[in-house]
Each structure stands twice: as structure tokens, then as C-alpha cells.
Amino acid sequence: TAGHNPAAALTVGDCIMRRILENAERDRLAFQIHTGMTRLADSDPALLEPLFDQYPRVRFVLLHAYPFLSNAVYLARCYANCSVDTSWLLLQGTGILRRGLSEYLDMVPYEKITLSVDATSLEEYYGGIQLSRETAADVVGEKAAQMMWSGQQAREVLDALLGGNACRQYGIDQDKHRFA
């Protein structure tokens with residue numbers, strides 16, 4: 001359009017982003033970032049690496065990340081202030097969720113992984129929760145056998161993935177929000 005200045009828009013966007021991150025840092029809020037699944041050239045989570053260094057007290061949560069799962073894993077493994085969330089992977093298929101969760105559990109401490117469903121309707125959410133639970137149980141069961149976790153360790157990992165980590169990440173009282 002006439003008068004549109006991409007350089008000026010980028011400057012304003014950067015200024016707004018800095019302000020948001022400063023507020024997240026001040027208020028100790030998690031900052032979710034949608035990665036992957038859009039314009040691929042602009043959605044690789046690796047592009048965010050300078051922010052993790054610049055804002056070490058902001059808790060960054062990388063959502064989706066597909067098809068950049070390995071980049072998200074690397075970042076969550078290397079940066080204390082970065083974690084991953086499976087949001088929207090399930091909606092692409094249980095195989096995608098299985099692959100992502102398996103890769104996450106191979107490389108990232110399970111305390112830095114949240115399992116969520118990005119849904120647009122109650123029915124989609126309910127079905128997503130059911131499929132997420134089943135897929136997570138299968139993947140954790142496979143990892144338990146590979147890593148020789150005890151049954152108790154596997155249950156702890158599964159409980160953390162299915163709500164404990166999200167409650168801790170977002171300051172939610174887990175006792176008041178038990179997942180059936």
C-alpha cells in the first residue's frame with residue numbers, strides 16, 4: 001500500500017516486542033511463542049535464540065515448532081529459560097505428536113515439556129485431550145522401557161506432562177485443577 005514503510009514497521013514491532021518481554025520479565029510471566037506451521041522462513045524457533053540470551057529471566061515457551069522440532073529441542077536443552085509445548089502437534093496427527101513428544105523426551109528434561117491442545121471447539125478440545133493422554137501414555141511407556149524408568153518414575157513423567165508442568169509454568173494451583 002502507498003506509504004507503507006517495512007523498515008519503520010519492523011522498528012515499531014521490535015519496540016513493542018521489547019516492551020512485552022520487559023513486562024513478562026518484571027511480572028515473571030511465561031511468554032508463549034508460536035513457531036513453525038506458518039511462513040516457514042520466518043517461523044524457525046532458532047531465529048529466537050538471541051532473545052533467550054538477551055532476556056535470561058523471561059520463561060520462553062515454544063509452541064508447535066513443527067517442522068522445526070529438532071531446533072526447538074536444541075533450544076530447550078541449551079537454555080534454562082526455554083521450554084517446549086506440543087500445542088497443535090496433535091491436530092496434525094497422532095504420529096506428529098508421537099514424534100515430537102518422543103524427540104522432546106529424548107533430549108529435554110521432562111519438567112520443561114508441556115502437553116496442550118490448541119482447539120477451536122469444545123469437541124475438538126475434548127477429543128484432543130483424550131488422544132493426547134493416550135499418545136503420551138504410549139510414548140512414556142516406550143521411553144520407560146528404553147530408559148529403564150520404574151513404574152513410579154513413568155507415572156511422575158506422565159503426570160508432569162499431563163498438567164503438572166503447565167500448572168508450575170503458569171502459576172496454577174494444581175490441587176484445585178486436577179485432571180481426571
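Hydrogens, waters and symmetry mates play no part in the numbers below; they use all other heavy atoms, side chains included. Model, not experiment: these values are computed from the prediction.
At a threshold of 4.5 Å between non-hydrogen side-chain atoms, the residues Arg59 and Ser83 do not count as touching. Side-chain contact between Ser132 and Leu161: absent, with no pair of heavy atoms (C-beta onward) separated by less than 4.5 Å. Side chains of Arg99 and Leu89 form no contact here, defined as non-hydrogen atoms less than 4.5 Å apart. At least one side-chain heavy atom of Phe31 sits under 4.5 Å from a side-chain heavy atom of Met17. Between Tyr66 and Ile96 there is a side-chain heavy-atom pair separated by less than 4.5 Å. At a threshold of 4.5 Å between non-hydrogen side-chain atoms, the residues Gln146 and Leu105 do not count as touching.
Tyr126 and Leu131 fall into different hydrophobic clusters, defined by Ile, Leu, Val, Met, Phe, Trp and Tyr side-chain heavy atoms under 4.5 Å apart, directly or through other members. Cluster membership check: Met107 shares its hydrophobic cluster with Trp149, using side-chain heavy-atom separations under 4.5 Å among Ile, Leu, Val, Met, Phe, Trp and Tyr. Phe68 is not connected to Leu91 by any chain of hydrophobic side-chain contacts under 4.5 Å among Ile, Leu, Val, Met, Phe, Trp and Tyr, and they are in different clusters. Hydrophobic clustering places Val61 together with Ile172 (ILVMFWY residues linked when any side-chain heavy atoms are closer than 4.5 Å, directly or through intermediates). Hydrophobic clustering, with ILVMFWY side chains joined whenever heavy atoms are under 4.5 angstrom apart, groups Ile33 together with Ile16.
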Taking it one step at a time, do Leu51 and Phe60 satisfy side-chain contact (heavy atoms from CB on, under 4.5 Å)?
CA-CA 9 Å; Leu51 289 178; Phe60 292 92; 4.1 Å; yes
Stepwise, does the side-chain contact (heavy atoms from CB on, under 4.5 Å) test hold for Val84 with Glu103?
CA-CA 11 Å; Val84 290; Glu103 191 168 341; over 6 Å; no
Please evaluate residues Glu134 and Gln130 with respect to the criterion side-chain hydrogen bond (donor to acceptor under 3.5 Å, both in side chains), reporting the C-alpha separation (whole Å), side-chain torsions for both, the decisive distance (0.1 Å), and the verdict.
CA-CA 6 Å; Glu134 292 169 13; Gln130 296 301 95; 5.3 Å; no
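Remark: Leu97 CG to Leu115 CG distance equals 6.0 Å, nearest 0.5 Å. Leu158 CG to Lys143 NZ: the interatomic distance, rounded to the nearest 0.5 Å, is 14.0 Å. The distance from the CZ atom of Arg77 to the CG atom of Asp106 is 10.0 Å, given to the nearest 0.5 Å. Note: Asn165 CG to Ser116 OG = 11.5 Å, rounded to the nearest 0.5 Å. For the atom pair His34 NE2 and Ser87 OG, the distance stands at 6.5 Å (nearest 0.5 Å). Distance check: Thr35 OG1 to Leu63 CG gives 7.0 Å after rounding to the nearest 0.5 Å.
Paired with Leu75 under the rule side chain to side chain contact (heavy atoms under 4.5 Å, CB included), one option of Leu48, Leu62, Val108 passes, and it is Leu62. With respect to Arg57, the side chain to side chain contact (heavy atoms under 4.5 Å, CB included) criterion is satisfied by exactly one of Arg26, Arg28, Glu25: Glu25.
No donor-acceptor contact under 3.5 angstrom links the side chains of Thr114 and Gln169, judged on distance only. For the residue pair Tyr110 / Gln153, no side-chain donor-acceptor distance below 3.5 Å is found, with atom types taken as modelled.
The aromatic rings of Trp88 and His64 sit tilted, their planes meeting at an angle between 30° and 60°.
Considering every non-hydrogen atom in both Asn71 and Pro45, the closest pair reads CB-CG, 4.2 Å. Nearest heavy atom pair, residue Tyr104 against residue Leu69, reads OH-CD2, 3.5 Å.
Atom OH of Tyr170 has more than 12 neighbouring heavy atoms from other residues, nucleotides or ligands inside a 6.0 Å radius.
A distance-only check finds a donor-acceptor pair linking the side chain of Asn81 to the backbone of Phe52 [under 3.5 Å].
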